[in-house]
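Numbers for residues simply follow the sequence, beginning at 1.
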Amino acid sequence: MADRRCPYCKELVPEFSVNCPRCYRDIPPEASGRKPIDEGRAPSVKSVNRRAIAMLALIPGAVGLMGLGHFYQKDYRKGLMFLCMGVVMMTAIVMLVTSISASISGVFSVVLTVFMVIMFIGTYLLQAFDAMVRSLFVI
């Protein structure tokens, strides 16, 4: 290969170097022999709208429709899992709350309702954080 020189300071540059050893500036792709990045090609890293993910995970999730942030990111397994969990827990909470006054064993219903609400809040926070960070667990 022919001698490569830095276009800025004219120093000899090693064959596969991306920076000049003298002035430390980046060598342009044409001068370094690297292929330039194709501007028409989509980037390899998915660009996602973080605000949309946060809104889809937080707002509908508060009423039991969890997992919509995962669906937006095309993570259908997690989205379906959280959606089913949220709907089942919200339905159970509503049924327990409506049966507390009619129930003879009101203490048991109250304890079970509090337990379900705590489970719901934990699942809600887990799905929201997982949707925004995308690294809590793999399914």
Side-chain angles (χ1 to χ4, degrees):
M1 184 171 198
D3 288 340
R4 285 185 2 160
R5 297 205 173 265
C6 173
Y8 307 105
C9 68
K10 305 301 181 208
E11 177 73 20
L12 278 173
V13 178
E15 182 178 354
F16 294 107
S17 180
V18 293
N19 296 335
C20 174
R22 181 174 175 206
C23 68
Y24 303 109
R25 294 177 75 176
D26 289 339
I27 307 295
E30 297 81 27
S32 67
R34 294 178 288 159
K35 291 182 181 178
I37 297 173
D38 184 11
E39 297 298 328
R41 187 179 59 168
S44 61
V45 177
K46 267 195 324 189
S47 61
V48 292
N49 187 347
R50 296 280 180 206
R51 184 173 293 159
I53 292 170
M55 291 180 67
L56 284 170
L58 294 173
I59 295 170
V63 293
L65 296 174
M66 299 181 194
L68 298 184
H70 291 91
F71 282 120
Y72 178 79
Q73 298 177 60
K74 295 181 177 47
D75 193 355
Y76 300 115
R77 283 183 170 175
K78 282 186 186 178
L80 187 61
M81 179 192 70
F82 281 123
L83 182 63
C84 291
M85 288 172 59
V87 168
V88 167
M89 282 194 284
M90 183 56 81
T91 305
I93 289 170
V94 168
M95 289 175 62
L96 285 168
V97 167
T98 57
S99 71
I100 284 178
S101 61
S103 166
I104 296 172
S105 61
V107 174
F108 178 72
S109 294
V110 169
V111 170
L112 190 58
T113 303
V114 168
F115 175 73
M116 286 300 294
V117 168
I118 291 170
M119 291 293 293
F120 179 82
I121 291 171
T123 306
Y124 169 73
L125 294 174
L126 177 71
Q127 69 88 27
F129 190 73
D130 185 67
M132 289 185 262
V133 176
R134 287 191 58 117
S135 65
L136 288 181
F137 59 94
V138 177
I139 292 182

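Interatomic distance, Thr98 OG1 to Ile93 CD1, rounded to the nearest 0.5 Å: 12.0 Å. Interatomic distance, Lys78 NZ to Tyr76 OH, rounded to the nearest 0.5 Å: 15.0 Å. From Tyr72, atom OH reaches atom CG of Asn49 across 4.5 Å, with rounding to the nearest 0.5 Å.
Note on Val97: it does not cluster hydrophobically with Val88, by side-chain heavy-atom contacts below 4.5 Å among ILVMFWY residues. Both Val94 and Leu96 sit in one connected hydrophobic cluster of ILVMFWY residues. Membership requires side-chain heavy atoms under 4.5 Å apart, directly or through other members.
When all heavy atoms are compared, the tightest approach of Asp26 to Tyr8 is O-CE1, 3.4 Å. Scanning all heavy atoms of the two residues, the minimum distance from Val13 to Pro21 falls at CG2-CD, 4.2 Å. Taking both residues in full, the closest heavy atoms of Arg4 and Ser17 are given as NH2-O, 3.1 Å, listed atom of the first, atom of the second, then distance. Nearest heavy atoms, Gln127 versus Gly67: OE1-N, 3.2 Å.
The hydrophobic cluster containing Met55, built from Ile/Leu/Val/Met/Phe/Trp/Tyr side-chain heavy atoms closer than 4.5 Å, also comprises Ile59.
The closest donor-acceptor contact from the side chain of Arg22 to the backbone of Cys6 lies at 3.5 Å or more, if one exists at all.
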Do any side-chain atoms of residues 114-126 form donor-acceptor pairs under 3.5 angstrom with protein atoms, and if so which ones, sequence neighbours left out?
residue : atom : partner : partner atom : Å
Thr123  : OG1  : Met119  : O            : 2.9
Tyr124  : OH   : Leu58   : O            : 2.9

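For the side-chain contact (heavy atoms from CB on, under 4.5 Å) test, residues two or more places apart in sequence or in another chain that qualify with Ala131 are Ile53, Ala57, His70, Gln73. With sequence neighbours left out, Cys84 forms a side-chain contact (heavy atoms from CB on, under 4.5 Å) with Leu80. With sequence neighbours left out, Val63 forms a side-chain contact (heavy atoms from CB on, under 4.5 Å) with no residue at all.
Asn19 places none of its side-chain heavy atoms less than 4.5 Å from the side chain of Ile27.
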